[in-house]
Structures are given as C-alpha cells and as structure tokens.
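Read the structure below first, then the notes.
To find a chain, count down the sequence lines: A is the first, B the second, and so on, and within it residues start at 1. This structure is a prediction, so every number in the text was calculated from the model and none was measured.
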Protein chains: 2
Amino acid sequence: MPDNSGISAALVRLSFLVQRLYAQACSRHDLSPAQAQLMCVIKDQPRGMTELTHMLGLERPGLTGLADRIERRGLLRREVRPNDRRTVMVSLTRTGKKVTEAFYAEVTASLQGVVAHLPADERQQFEETAFSIIMAEQVPAIFGDFEAAGRSAV
Amino acid sequence: MPDNSGISAALVRLSFLVQRLYAQACSRHDLSPAQAQLMCVIKDQPRGMTELTHMLGLERPGLTGLADRIERRGLLRREVRPNDRRTVMVSLTRTGKKVTEAFYAEVTASLQGVVAHLPADERQQFEETAFSIIMAEQVPAIFGDFEAAGRSAV
DNA sequence: TATTGTTATACTCTATAACTATA
DNA sequence: TATAGTTATAGAGTATAACAATA
C-alpha cells in the first residue's frame with residue numbers, strides 16, 4: 001500500500017518503463033531514441049533549428065549533429081528559408097515520414113499494451129491526471145497528435 | 001478532452017518531464033543520469049555487476065565503464081567476493097552515500113512538486129495506478145525505498 | 001566448458017567555445 | 001551588434017567482439 005512519498009518512485013519507475021519500451025521500438029527501426037524523438041517532433045510539420053532546441057532541450061551544436069546523422073540516412077531534409085536566410089527549416093523526407101509513422105504506431109501500441117489490464121475508468125482517470133500534469137508543467141509536444149482538438153503544439 | 005489513444009502520448013510526455021527533472025537534479029550534484037541511476041540502485045545494498053546489468057538494462061562493458069567513472073570520483077567501491085572470486089560486489093563509499101541521499105531527496109521533492117497541484121484523492125489514485133503498471137510490468141527497483149513494506153527489490 | 005568481468009573499438013549523444021553568414 | 005547555424009573538441013554512454021580469470 002503506497003504511502004504519499006511513494007509517488008516519486010512511481011514516477012521514476014514508470015518513466016524508466018516508458019523509456020525502455022520507447023528504446024525497444026527505436027531498435028526495431030534502427031533509430032536511436034534521440035533520433036526518433038526529433039523525427040516525431042517534425043512528423044507533421046517542419047520546424048526551425050532553434051525552435052527544435054527549445055522543444056527537445058538541447059544546445060544547438062547537439063541538434064546540428066543529430067540532424068546530420070538522420071539526414072545522412074536520407075530520412076531528414078534541411079531547407080534554407082528565403083525570408084531569413086540564416087534560418088534552416090527541418091522536415092522529414094518521404095522515407096523519413098514512413099519510418100516515423102511506423103515507429104509512432106509501434107510505440108503507441110506498445111504503451112497501450114501496458115495499460116490494457118486496467119479497468120477502462122481507471123485508465124481514463126490516469127490519462128486525465130497525466131495530461132493535467134503535462135499541461136501544468138508545459139511539457140513540449142514531443143509525441144502525440146499535435147493537430148487534435150484542444151492539444152496544440154509547444 | 002483526451003480520447004483513448006492519447007494515453008500513449010501522455011505516457012511519453014510524462015516520461016520526458018520526469019527525465020528532465022531527474023537530469024536537473026543530476027546536474028546540481030555533478031552526476032550524469034546513468035551515474036545517478038546506478039548509485040540509487042546500490043544506495044541501500046551492494047550488488048553484483050551482472051545483477052546490475054539486469055536491473056539497469058545495460059550490457060556488461062557499459063556497466064564496467066559506468067562504475068569506473070563513479071569509482072574514479074571516489075563515490076563507489078568494488079570488492080571481490082571471497083566465495084566466488086570472479087564476482088565483484090559494488091557499493092557506495094561514505095561520500096557516495098551522502099551524495100546519493102542528497103540527490104535522492106531532491107528528486108523526490110522535485111517530483112512531489114509536480115503533483116502538488118492535484119487534489120489528494122486524485123494524486124493517490126494516480127500513484128496506485130502507476131504502481132499497478134510497474135508491478136504488472138516488473139519494472140526493476142531502480143528508485144524508491146526498497147525496504148518499504150510490500151515493495152521489495154527487483 | 002560456462003560464467004564473471006574487463007579491455008578494445010567504434011559510434012552516438014551532448015556540452016562549451018569559437019567561427020561564419022545573415023539581419 | 002544580435003541571431004541562426006555550424007565546426008571543433010572533448011567526455012560520457014553504450015554496443016559488439018575478444019580476452020582473462022575463476023568455477
């Protein structure tokens with residue numbers, strides 16, 4: 001019977017589980033977690049490099065290298081903006097989009113499996129609480145259906 | 001209003017938040033997340049290297065290097081077991097234990113802060129659901145009060 | 001021979017500092 | 001001068017393969 005202080009342990013271990021399943025899905029697509037994360041963020045829309053550093057919590061040189069390695073595999077494309085020629089917009093290639101969508105579907109299925117044993121009302125309550133934490137903490141939209149009503153990006 | 005498939009996004013983003021707070025606490029103690037994780041696992045009891053690879057999900061060479069870097073800083077100690085002289089037991093030094101306990105307390109406080117805005121009953125329910133997932137998935141005891149009643153290790 | 005751990009090697013991840021190009 | 005990105009450099013993390021010591 002967990003006491004009140006146990007919620008921290010619960011959060012850390014739950015996070016560990018999610019990371020493990022996420023990493024397993026990455027492996028199946030020959031992606032690193034960092035690569036997959038970037039690809040999920042730009043899945044539905046191009047983003048600028050600086051914007052991406054904010055969303056992913058990286059410094060710019062790290063993002064440059066990360067984008068390089070994905071680009072080298074033909075999954076990502078960079079384009080200079082005509083308006084401001086300093087900025088680079090990053091998007092997925094057709095192949096990159098396919099890979100990302102397959103990866104995304106697998107992670108979704110894997111995580112749904114993890115809560116499948118819960119009663120529907122408990123699952124629903126859990127999701128609502130999780131979202132309320134995410135919203136309160138302004139967690140960036142690094143995964144999810146960014147276009148869905150009521151859950152807009154960043 | 002989240003639909004049912006949104007639970008995966010909730011889990012990924014919640015995990016992202018936990019990792020971010022965990023990493024921030026690491027920084028304040030000049031630890032990497034991997035180092036802190038290992039130190040938390042051996043906080044209350046020594047463990048063998050192979051056992052640790054299972055708990056942390058690492059291959060053995062990775063753990064050797066990780067332990068090396070913590071040992072080099074005087075926070076961790078290796079001891080050969082007399083019974084089976086192949087095995088190495090890993091434990092924290094006195095300094096290592098102090099650092100780990102301070103880190104542990106900070107992470108706990110930080111995560112409690114994240115759920116502080118929730119009504120007590122919702123928070124309680126959330127914790128129970130999280131634990132039920134963790135137990136069902138047999139997530140190793142990488143964080144938490146391993147000696148607490150009803151929540152034994154590994 | 002099987003098991004425990006380490007060493008060798010290679011690549012990704014990520015930070016800080018310095019640089020280039022554009023505004 | 002300020003901003004966007006990249007290059008240079010270095011250390012941490014982690015995997016695979018080969019090795020050493022012990023059982």
_Rounded to whole Å, please give me the gap between CG in A/L66 and C1' in D/dT6._
14 Å

*Heavy-atom count around A/R85 CZ within 6.0 Å, excluding the residue itself: above 12?*
no

*Does A/T64 reach the main-chain N or O of A/R60 with its side chain, forming a donor-acceptor pair under 3.5 Å?*
yes

*Rounded to the nearest Å, what distance is computed from the CD atom of residue B/Q24 to the P atom of nucleotide C/dA15?*
12 Å

*Nearest-angstrom distance from the residue atom CG of A/L58 to P of D/dG5*: 14 Å

*Atom NE2 of A/H54 to atom P of D/dG5: distance rounded to whole Å?*
10 Å

*Where each residue is assigned the nucleotide of DNA chain D containing its nearest heavy atom, which of B/R85 and B/P33 is assigned the position nearer the 5′ end?*
B/P33

*Using atom CZ of B/R81 as one end and atom P of D/dA23 as the other, report the distance to the nearest whole Å.*
12 Å

_d(CG, B/L52; P, D/dT14) in whole Å_ = 13 Å

*Taking the side chain as every heavy atom from C-beta outward, state whether A/K97 and A/E101 have any atom pair closer than 4.5 Å.*
yes

*Taking the six-membered ring for Trp, are B/Y104 and B/F143 ring centroids under 6.0 Å apart?*
yes

*Using atom CG of B/L31 as one end and atom P of D/dG13 as the other, report the distance to the nearest whole Å.*
10 Å

*D/dG13 OP1/OP2 closer than 4.0 Å to side-chain N/O of B/Q35*: yes

_Are A/Y22 and A/F103, when compared by the centres of their aromatic rings, separated by less than 6.0 Å?_
yes

*asked:* In whole Å, I'd like the distance from the CZ atom of A/R69 to the C1' atom of D/dT6.
replied: 14 Å

*Is it the case that A/S15 and B/Q19 place a side-chain donor and acceptor less than 3.5 Å from each other?*
yes

Check the interface with nucleotides 4-9 of chain C: list each N/O to N/O pair with the protein under 3.5 Å, or write none.
unit_1: C/dG5; atom_1: OP1; unit_2: B/V88; atom_2: N; d: 2.8
unit_1: C/dG5; atom_1: OP1; unit_2: B/V88; atom_2: O; d: 3.4
unit_1: C/dG5; atom_1: OP2; unit_2: B/T50; atom_2: N; d: 2.8
unit_1: C/dG5; atom_1: OP2; unit_2: B/T50; atom_2: OG1; d: 2.3
unit_1: C/dT6; atom_1: OP1; unit_2: B/R78; atom_2: NH1; d: 2.7
unit_1: C/dT6; atom_1: OP2; unit_2: B/T64; atom_2: OG1; d: 2.6
unit_1: C/dT6; atom_1: OP2; unit_2: B/R78; atom_2: NH1; d: 3.4

